[in-house]
Amino acid sequence: MFVQELVLRQRTEILNALCSSGSAEHLEQVLDILLSQGELTWEDYQNIQVSGRALHCNARKLLDLVYIKGEDTCGLFFAAFKRVLPDAKGVGTLSSGCSSTLEEKEEHQSTCTETLLTQRPSLVEKLRGCIDGALEDLVTSGHFTSADCCEVQLPIHTPCQQARRLLDHVRSKGESAAKVVLQFIQHKQEPVSPLSHEKWTPPKEVLKYQKKLSSSISAQSCFLSTYGGTSHMSLDDIYTDGQLELAHNCVDVNGPLGLEDIVGAVGTVNKEADTVLVSGEAGGGKSTLLQRLHLLWARGAALQDFLLLFPFSCRRLNSEQRELSLRELLFQHCCWPDRQQEEIFQFILDHPHLILFTFDGLDELKQSFSDEHRLCCPTQRAPVHILLFNLIQGSLMKGVRKVVTSRPEAVGPLFKKHLCKEVLLKGFSPSGIDCFVRKHHSDAHVAAKVLESLRTNTALLGLCHSPVLCWIVSQCHKELLGCGEGSLTTITDVYLMILQHFFQHQSSQKNTTGLCWLQQHLQTVLHLGKLAFDGIGATCYIFSGTDLETCGVTEKDICMGFLMRSKDISTHAEGYEFLHLTMQCFFAALYIVLSDNTDRSTIPKLFETQKMKEAGQSSRCFIACLPSTDQPQRPSGGGTTAAEMPNRQITATFVSGLLSQRHRNLWLHCCPSAVMEKRVRQVVKCLSKGMQKHFKSIPQPVEGEKKSMHAMPGFVWLIKCIYELQEDRVAIDAMSKLEVDHLKLTYCNIGPVECTALAYVLQHLRNPVGLQLDNNSVGDVGVEQLLPCMHICNSLYLRNNNITDEGIRKLLAKTIQCENFKKIALFNNNLTDACTQHFSRLLKIKQNFVSLRLGNNNLTEKGAQQLAEGLKCNHSLQYLGLWGNKIGDAGAEALATALENSKTLVWLSLVDNGVGSAGACALSNIIKNCTSLEELWLTENHITRSGVESLIQAMQHNTHVKSVWLRNNDLSLEEVEEMKQRESRLIL
Ligand code: ADP
């Protein structure tokens, strides 16, 4: 007999054996084994092991699943069963082919999270006697809160169950938490020497080199480098965690990533590759994050699996003119071994898994990534970028872990092919901003004032998600607190503030001239502006004394603090760089706006929206902006540079901001009005043309469908430029030509700053639209920023956007007054019962509201009861989606009572909500009485036969209902078959 059939035949006996003791231990042991064998996925496990559900229901779920999975899984199930219950009578014995054996999985898994799964049965054994110690380690390392510990240690759990809950929790906390547990267990087993498994120690000369390398890295990374021109700040004092996410959806990863997860195996997409990309916007904290990793490594506080770490800055590699071998690259650019270079280099070659390379700012490299020149020989000399590209691809030193940072626009598919994973750095979270400001100001009183002022200016608060802007705002706190409320709203405003701040604070000269601050420092602005502008055209970020001289930069200009000294390691010559790349773009923009020398075509070329790779010609546009005599030498090969497009976009955004009417007084005596007016007209024309180009690309809708526009690259940037310009007429004009019903901006990297700009422009749309912002980082601050355009929004899609109850409170307070607003989708946010009172109010008041989707949040019966209050009084709602919450029977009953007489409800989903038969019986009343209902979704609940009977009876009175979905409830296969026969509209 086939084992699959045996699972059906012996169902009763198996259930008896697993459940008759009343303890879940046997079932859980079987689950542990199946998980460790990879026969159950983590999702399967979560679907089976639902806490609070009856033991036999969980066991039935398991049997259904192994049956569906087929012969092999059934075989392994019996093998697991036999191991747990060797004496169980009559189970599995009829099978002739029941010979599956359980494999012992290798201990060397690629990630710690995987090890937690594959070694689960033995880990449960090892942990059960020492739960307290493991929890203590997890709390100390910051992975567990005391609430987590309480959940694990619930007294109703046996020690084994506590161990399992601990492992389940750890899994949700990510790779570094998993590592802590494994280390704890290892330490427990080998109390004498935690590292005794590493019998081998590296050769003496390597250890010496490591010491030298780490002390040099420690010295380089302990201060925040961009404060060089102003003040030194210790990284320990100021470092604030940014938000890290995997770029790809990964089922294994719940919750935020930690710093060490960047280098670890978690989220790996391509196991063959060794390179991790950390991508983020300019000023998003990429360099600082690497600096932190370097410092932690150098101190022995992180990344201790790597014996040697070699940090590189692509900006500095740009100035390496010589051809180098790999050995020269490592030793000359990072750390020179005092002796035995040969041996040390050989060690590096022989132990790639002990080596870590970091490359900061790939987007700043003069050459764009290419894999044309293959190089495999570590002693062969080649231009530095060729070495770098071959390291990234793995043709050189395969097996060495590499972390590369870059702006997202600057890396193409060719590069991404060589990545094992991509991690997104998304700036500070709201609490990160809070933390940074408090760290920045030792005076708590000042910090509180700055934070208060940010709270009253949410546009500015939105900007502070970008660490560089958060730094500027904190740095200029006096100006911030002194200026009128709400007057700082654009990125340009913030950079003008730091410009003024530096001039007024660094200049020893008292202003006795009566000139405005800008006029007084105009020459400095123009000198630095030219340096910045030329540099961006030539992908040059480090400037030599000659460069400074050519642009007329004087000692006095340098003293203002916008430039900092940079040691060019390769030539050991002193060089200068701007405090930050965005600062260089800002000075380039100042030059474009204020200089007499810029060409007529400068502004139009700056705003060209062509894709970088479209033509060599477009890639040269920044250079073409320069008068021909000023054109710098192109990097050899004349290829496109990855940074050009993003640099151009940042500069264009600043140009728009600087030409805003709001700042004209500042320019009044710096540039003839006619010239300024002309430049403004040029910018306005460029923005209008850019927008039209986007609108023209909108395809005509298929008949009967809505006209929809999916934002193309560059659309959000144009919107941001219009926002910086702050001229309503430009926004009105742009929107007058946009005729769509639906605007799709999914996966567009939209955070609070982009929301401010979008709302500013979209509020002028002529006709209402559906605004789809799914899968961005809108957050509560972003939601607040969107409010000004809500009146023109008929539907709002904000799935997966980190929104909490507070964001909803503000959103609904506004939308309740918006006649057009009829639909909202908030799947997968952080909503709890606290937001349902606001929805309830909306439903009561808005009698034209049509669709409410709140799936995958944290609503319970209390939330459903609140919603029901609103639903009772609503006469318009057609779609209600609550998939993946926890409303249970009581919640379902409350909703059923509220909806049973609805004349409008068409679709209701309570999938995966812990609803049992009592809930199903109540919901039958909706079927009985509500004539509009077409679909009822109750998949993944705990409904048993009696609940389904009630639904069938109700359906007999209702011919309108098209389908009732009941898959994965607590029904036996026989019951499923029987019910299907009785009611064909049941989907079982
Ligand atoms: P990117 O490399 O992405 O352009 P940077 O790392 O240079 O950004 O960050 C710009 C500035 O923002 C830094 O000089 C620092 O002042 C501030 N900053 C960035 N990240 C952090 C952080 N994690 N903690 C504290 N300050 C930060």
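Note that ligands are numbered from 1 as they come in the structure, with each ligand's atoms numbered from 1 the same way. Values in this document were obtained by computation on a predicted structure and should not be read as measured data.
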A.B. asks: Not counting sequence neighbours, list each pair that qualifies as a salt bridge (Lys or Arg N to Asp or Glu O under 4.0 Å) and has a residue in residues 447-463.
C.D. replies: Asp434-Arg455, Glu452-Arg455
A.B. asks: I'd like to know if Glu422 pairs up with Lys416 as an ion pair, taking the criterion as any Lys NZ or Arg NE/NH1/NH2 lying under 4.0 Å from an Asp or Glu carboxylate oxygen.
C.D. replies: yes
A.B. asks: Pull out every atom of ligand 1 sitting under 4.0 Å from any heavy atom of Phe436, numbered as shown with elements.
C.D. replies: 25 (C), 26 (N)
A.B. asks: Considering only NZ, NE, NH1 and NH2 on the basic side and carboxylate oxygens on the acidic side, decide whether Lys179 and Asp305 come within less than 4.0 Å.
C.D. replies: yes
A.B. asks: For ligand 1, which is the ligand I care about here, please tell me if Asp360 has any N or O atom under 3.5 Å from one of the ligand's N or O atoms.
C.D. replies: no
A.B. asks: Looking only at distances, please establish whether an N/O atom of ligand 1 is found under 3.5 Å from an N/O atom of Gly285.
C.D. replies: yes
A.B. asks: When you check the gap from the basic side-chain N to the acidic O, do Arg292 and Asp236 get nearer than 4.0 Å?
C.D. replies: yes
A.B. asks: Run the salt-bridge test on Asp274 and Lys402 with the 4.0 Å N-O cut-off and return the result as yes or no.
C.D. replies: yes
A.B. asks: So, is Trp471 polar-close to ligand 1, with some N/O to N/O distance under 3.5 Å?
C.D. replies: no
A.B. asks: So is there a nitrogen or oxygen of Asp241 less than 3.5 Å from a nitrogen or oxygen in ligand 1?
C.D. replies: no
A.B. asks: Look at atom 2 (O) of ligand 1 and find which of Gly284, Gly280, Ser287 reaches it with the closest heavy atom.
C.D. replies: Ser287
A.B. asks: Got an N/O contact under 3.5 Å between Ala282 and ligand 1?
C.D. replies: no
A.B. asks: Regarding Arg316 and Glu364, does a basic nitrogen lie under 4.0 Å from an acidic carboxylate oxygen?
C.D. replies: no
A.B. asks: With the threshold set at under 4.0 angstrom, would you say Gly283 reaches ligand 1 through any of its heavy atoms?
C.D. replies: yes
A.B. asks: List every atom of ligand 1 that sits less than 4.0 Å from any heavy atom of Ile238, numbering the atoms from 1 in the order shown and giving each element.
C.D. replies: 24 (N), 25 (C)
A.B. asks: Does the side chain of Asn775 pick up a donor-acceptor pair with the side chain of Asn800 at under 3.5 Å?
C.D. replies: yes
A.B. asks: Run the contact test for Glu281 against ligand 1 with a 4.0 Å cut-off on heavy atoms, strictly below, and give the result.
C.D. replies: yes
A.B. asks: Heavy atoms only: which of Thr288, Val468, Thr405 is nearest to atom 12 (O) of ligand 1?
C.D. replies: Val468
A.B. asks: For Tyr723, which residues count as a side chain to side chain donor-acceptor pair (under 3.5 Å) partner, sequence neighbours excluded?
C.D. replies: none
A.B. asks: Give the atoms of ligand 1, by number and element, whose distance to some non-hydrogen atom of Thr240 is under 4.0 Å.
C.D. replies: 22 (C), 23 (N), 24 (N), 25 (C)
